[in-house]
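Here the structure is a predicted model, which is why all the values come from computation and not from measurement. In each ligand, atom 1 is the first atom listed, and ligand 1 is the first ligand listed.
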Amino acid sequence: MASTDVTLEELQAGIRNVPDFPEEGIQFKDITPVLADARLLDGCISHLLCGHSADTVDVVAGIDARGFIFGAAMARELGVGFVPIRKKGKLPWKIIEESYELEYGSNTIAIHTDAVSAGQRVLLVDDLLATGGTAAAAANVVVRAGGQVVEVVFFIELSFLAGRAKIGAAPVRSLVRY
Ligand code: AMP
């Protein structure tokens with residue numbers, strides 16, 4: 001189960017930088033080497049959860065798509081439920097949606113209207129914080145659905161893009177920064 005002997009330096013060393021993907025000028029942070037390593041995956045989940053328990057979090061919400069990988073594992077570890085925040089057109093029920101700008105392109109995300117109940121404490125997670133548009137929109141749909149965002153956590157933060165300034169009131173934490 002989640003261990004803390006994995007250092008943040010080890011996690012950073014597991015991230016593969018892929019230049020010019022998916023388009024020229026983007027330094028894509030590929031987390032698949034971390035996911036494929038059982039010890040690093042376990043350590044990453046543990047660091048993402050740091051300080052949280054089922055006493056502080058009612059539900060984990062993950063952002064499409066890599067936020068699902070971490071979010072579901074974190075929810076299981078805490079013993080709470082998981083809520084997906086999905087890209088437009090994927091959720092089958094009634095939705096609340098928001099549009100935002102990406103580091104590359106633009107997008108719309110959505111949450112089911114009944115995904116969180118009023119006042120629920122939501123821990124929001126994604127793999128990477130870039131310009132902050134995705135996470136800001138995700139936090140907004142959680143709040144509009146009735147939840148309160150206790151923290152927004154990321155494996156990776158591209159600090160030079162200043163994305164955390166966009167996220168609003170919720171505390172923001174990241175494990176590895178560039
Ligand atoms: P943003 O809305 O600009 O903060 O973009 C964050 C979202 O886009 C996250 O879901 C990331 O998975 C993805 N993303 C943006 N930039 C990168 C990057 N350089 N490497 C990997 N994923 C990225």
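When V59, I111, V152 are each tested for a side chain to side chain contact (heavy atoms under 4.5 Å, CB included) with V142, only one passes: I111.
Near D126, with a cut-off below 4.0 Å to any heavy atom, the atoms of ligand 1 are 9 (C), 10 (O). For ligand 1 and R66, the ligand atoms under 4.0 Å from any heavy atom of the residue are 12 (O), 21 (C), 22 (N).
Checked by distance only, ligand 1 and A130 come closer than 3.5 Å through their nitrogen or oxygen atoms. Considering backbone and side-chain N/O of T131, one or more are found under 3.5 Å from N/O of ligand 1. At a 3.5 angstrom cut-off on N or O pairs, G132 counts as close to ligand 1. Close N/O approach between D64 and ligand 1 is not found [any backbone or side-chain N/O within under 3.5 Å].
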Got a list of side-chain donor-acceptor pairs under 3.5 Å for residues 80-90, not counting sequence neighbours?
unit_1 : atom_1 : unit_2 : atom_2 : d
R86    : NE     : D64    : OD2    : 3.4
K88    : NZ     : E97    : OE1    : 3.4
K88    : NZ     : E97    : OE2    : 3.3

Please output the side-chain donor-acceptor pairs of residues 155-162 that fall under 3.5 Å, not counting sequence neighbours, one pair per line with the distance.
unit_1 : atom_1 : unit_2 : atom_2 : d
E157   : OE1    : R164   : NH2    : 2.9
E157   : OE1    : S174   : OG     : 2.7
E157   : OE2    : R164   : NE     : 3.0
S159   : OG     : Y178   : O      : 2.9

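The nearest non-hydrogen atom to atom 11 (C) of ligand 1, considering only T134, D127, I156, comes from D127.
Residue A135 places every heavy atom at 4.0 Å or more from ligand 1. The shortest heavy-atom distance from I63 to ligand 1 is not under 4.0 Å. Close to ligand 1: L158, with a non-hydrogen atom less than 4.0 angstrom away.
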*Are D5 and R39 close enough, and set up right, to give a side-chain contact (heavy atoms from CB on, under 4.5 Å), and what steps lead you there?*
CA-CA 9 Å; D5 68 315; R39 187 174 159 273; 3.5 Å; yes
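When the side chains of ILVMFWY residues are joined at heavy-atom separations under 4.5 Å, either directly or via intervening members, V34 and V176 end up in a single hydrophobic cluster. I95 and L124 end up in different hydrophobic clusters when Ile, Leu, Val, Met, Phe, Trp and Tyr side chains are linked at under 4.5 Å.
Considering every non-hydrogen atom in both T108 and S99, the closest pair reads OG1-OG, 2.8 Å.
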